[in-house]
There are 2 protein chains.
Amino acid sequence: MLSNASKYAIRSVLFLAENSSEHKKYGAKEIASELEIPLSFIAKILQKLAKSDVISSNKGPGGGFYTSKTNLQNNICQILNVIENEDIFEGCFLGLPRCSDENPCPIHHIVAPFKDALLEKFSNQSIADFAREIKENGSFLSLKGVSIKGNDLLK
Amino acid sequence: MLSNASKYAIRSVLFLAENSSEHKKYGAKEIASELEIPLSFIAKILQKLAKSDVISSNKGPGGGFYTSKTNLQNNICQILNVIENEDIFEGCFLGLPRCSDENPCPIHHIVAPFKDALLEKFSNQSIADFAREIKENGSFLSLKGVSIKGNDLLK
DNA sequence: ACAATAAAATATCATTTGGTCTTTTAAAAG
DNA sequence: CTTTTAAAAGACCAAATGATATTTTATTGT
């Protein structure tokens with residue numbers, strides 16, 4: 001459903017939302033190694049995101065990528081708009097040409113509410129909210145062993 | 001989520017389930033034009049499905065593809081196993097490395113039940129059941145104008 | 001036997017996605 | 001003003017997916 005690029009983008013933005021600020025920027029190198037994403041690939045993605053004002057960046061020594069207060073008000077949809085080149089929510093899951101609420105495919109009643117719920121979350125919840133929720137739930141952006149709530153899964 | 005190939009495969013098999021039998025076979029040409037799928041592409045897919053006993057086929061005059069009684073007892077998962085080369089239900093939707101019920105990503109509670117419901121349907125419901133349901137619901141496999149329940153959408 | 005039919009097999013090509021590398025530009029610090 | 005740092009830009013390569021065209025094999029009817 002989501003491309004690798006989009007998943008990488010989302011993870012990176014959420015990482016920046018959790019860790020960065022105007023005064024604490026991260027280079028592509030750090031982000032790549034922290035999230036275990038190929039450096040050159042994530043660099044290109046980060047550049048796209050910066051160009052589209054989803055995140056912020058500065059060149060030169062002490063430069064890097066970060067999320068500003070304004071950036072944090074963005075939502076996931078805006079990330080997807082930059083990376084993905086078509087609406088991931090469009091079209092019947094089975095590819096039936098005229099599947100709709102009136103002529104539902106056999107899994108329409110499963111797929112439609114799922115799409116609705118995701119779209120709601122992706123458009124109404126800010127990056128900041130998302131990042132907070134991740135922290136609270138104890139889920140991981142990084143592969144590296146990070147202790148959360150005293151619960152070190154990597155030992 | 002599903003590749004074009006898988007969607008085409010599912011539509012074709014369901015078409016055969018609805019329309020074919022040992023005594024009424026369909027050539028790749030007919031299926032392609034009926035479902036508006038590129039001929040050479042669907043031919044290759046049908047061959048794969050036939051080779052894997054998801055559908056049946058006969059060469060020569062009067063030959064073609066069809067679903068036998070046994071074929072109709074197959075389920076959607078078996079189609080996906082033939083066409084798709086990795087489990088579409090595996091992995092976190094956002095690509096978070098260690099997302100789980102214990103460390104859920106922010107959309108885990110939306111995605112997990114969706115996957116469960118789909119998997120249940122794809123593995124426990126036969127092709128025959130699926131085809132029947134499509135007919136009853138009035139949804140379309142073909143792009144061609146077919147009147148269903150007196151409700152001709154193409155006029 | 002042979003012509004016609006249609007699947008099976010195979011080789012090939014195009015596009016998209018994923019990923020890498022090199023050069024250029026901007027900014028900071030000595 | 002030169003060196004260092006790091007993003008920006010763009011060219012490039014590889015793999016996967018989508019799609020096509022050609023040849024071979026099996027079957028049926030004449």
Side-chain angles (χ1 to χ4, degrees), chain A residues 1-12 16 20 22-33 35-68 71 80 82-86 88 91 95, chain B residues 1-12 16 20 22-33 35-68 71 80 82-86 88 91 95:
Chain A
M1 198 109 159
L2 291 189
S3 66
N4 267 355
S6 289
K7 289 179 180 174
Y8 290 165
I10 292 174
R11 279 171 69 205
S12 301
L16 290 175
S20 80
E22 311 250 2
H23 309 101
K24 174 72 180 151
K25 299 166 190 173
Y26 286 85
K29 249 180 245 174
E30 296 170 275
I31 297 173
S33 87
L35 304 186
E36 300 212 339
I37 301 173
L39 170 58
S40 310
F41 195 33
I42 196 58
K44 210 160 61 170
I45 292 173
L46 289 166
Q47 281 160 27
K48 261 192 181 180
L49 292 171
K51 199 175 182 181
S52 316
D53 291 313
V54 176
I55 62 178
S56 305
S57 70
N58 280 120
K59 290 186 179 183
F65 298 95
Y66 64 99
T67 41
S68 68
N71 295 149
L80 295 181
V82 172
I83 306 298
E84 213 83 18
N85 37 15
E86 51 186 65
I88 62 160
Chain B
M1 197 109 159
L2 291 190
S3 66
N4 268 355
S6 288
K7 290 178 180 175
Y8 291 165
I10 293 174
R11 279 171 70 206
S12 301
L16 289 176
S20 79
E22 310 249 4
H23 309 99
K24 173 75 181 149
K25 298 165 189 174
Y26 286 85
K29 248 179 243 174
E30 294 170 275
I31 296 173
S33 88
L35 303 185
E36 300 210 340
I37 300 172
L39 170 58
S40 309
F41 195 33
I42 196 58
K44 210 160 62 171
I45 293 172
L46 290 166
Q47 281 161 28
K48 261 194 183 178
L49 293 171
K51 199 174 181 179
S52 316
D53 290 314
V54 175
I55 61 178
S56 306
S57 70
N58 280 122
K59 290 185 180 181
F65 299 95
Y66 66 98
T67 42
S68 68
N71 295 150
L80 295 180
V82 172
I83 306 298
E84 215 82 19
N85 36 15
E86 52 186 63
I88 63 162

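In what follows, every heavy atom counts, from backbone to side chain, and hydrogens, waters and symmetry copies are set aside. Quick caveat: nothing in here was measured; it's all calculated off a predicted structure.
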Point to revise | Reported NZ-to-CG distance for the pair B:Lys51 and B:Leu46, which is rounded to 0.5 angstrom | key: 14.5 Å
Exercise for review: Please check if the side chain of B:Ser6 supplies one atom and the backbone of B:Leu80 the other of a donor-acceptor pair under 3.5 Å.
Suggested key: no
Practice item. To the nearest Å, give me how far apart CD (A:Glu30) and P (D:dA7) are. Key: 9 Å
Point to revise | Inter-residue atom distance A:Lys7.NZ - A:Met1.CE, 0.5 Å rounding | key: 11.0 Å
Check your understanding: How far does CD1 of B:Ile55 sit from OG of B:Ser20, to the nearest 0.5 angstrom?
Key -> 8.5 Å
Review point. Can you name the residues that form a side-chain contact (heavy atoms from CB on, under 4.5 Å) with B:Asn58, not counting sequence neighbours?
Key: B:Lys25, B:Tyr66
Practice item. Under 4.0 Å between any heavy atoms, over every strand shown, what does A:Ala28 touch: base, sugar-phosphate, or nothing? Just pick one. Key: sugar-phosphate
Check your understanding: So do the side chains of B:Tyr26 and B:Leu16 get within less than 4.5 Å of each other, counting heavy atoms only?
Key -> yes
Exercise for review: Taking side-chain contact (heavy atoms from CB on, under 4.5 Å) as the test, write out the residues that go with A:Pro61, two or more places apart.
Suggested key: none
Check your understanding: If you take atom types as modelled and just measure distance, does the side chain of A:Gln47 reach the base of D:dA8 with a donor-acceptor pair under 3.5 Å?
Key -> yes
Practice item. Enter the inter-axis angle for the ends of the helix from C:dA1-D:dT30 to C:dG30-D:dC1 (five pairs per end, rounded to 10°). Key: 10°
Check your understanding: Between atom CZ of A:Arg11 and atom CD1 of A:Ile45, what is the distance when rounded to the nearest 0.5 Å?
Key -> 10.5 Å
Point to revise | Atom pair distance, as rounded to whole Å: CZ in A:Phe65 and P in D:dT5 | key: 17 Å
Atom pairs under 3.5 Å: protein N/O with N/O of nucleotides 17-20 of chain C:
residue: C:dT17; atom: OP2; partner: A:Asn85; partner atom: ND2; Å: 3.4
residue: C:dG18; atom: OP1; partner: A:Asn4; partner atom: N; Å: 3.0
residue: C:dG19; atom: O6; partner: A:Lys44; partner atom: NZ; Å: 2.7
residue: C:dT20; atom: O4; partner: A:Lys44; partner atom: NZ; Å: 3.4

Practice item. Using whole Å, report how far CD1 of A:Ile45 lies from P of D:dA7. Key: 15 Å
Would you tabulate the pairs of protein nitrogen or oxygen atoms and nucleotide nitrogen or oxygen atoms of nucleotides 26-30 of chain D closer than 3.5 angstrom?
residue: D:dA26; atom: O4'; partner: B:Lys59; partner atom: NZ; Å: 3.3

Practice item. Round to a whole Å and report the spacing from NZ of B:Lys29 to P of C:dA8. Key: 15 Å
Study note, to complete from the structure: Taking every heavy atom of A:Phe65 against every heavy atom of A:Ala50, the minimum-distance pair comes out as CE2-CB, 4.3 Å
Review point. What is the distance from NZ of B:Lys25 to P of C:dA6, rounded to the nearest Å?
Key: 12 Å
Practice item. Take the protein atom CD1 of B:Ile37 and the nucleotide atom C1' of D:dT20, then report the distance between them rounded to whole Å. Key: 16 Å
**Study point:** D:dA8 OP1/OP2 closer than 4.0 Å to side-chain N/O of A:Ser57
**Key:** yes
Practice item. Please name all residues satisfying side-chain contact (heavy atoms from CB on, under 4.5 Å) with A:Ser52, sequence neighbours left out, ordered by chain then number. Key: A:Val54, A:Val82
Practice item. Please check if the side chain of B:Asp53 supplies one atom and the backbone of B:Asn71 the other of a donor-acceptor pair under 3.5 Å. Key: no
Point to revise | Atom-to-atom span, NZ of B:Lys48 to C1' of C:dA7 - whole angstrom | key: 17 Å
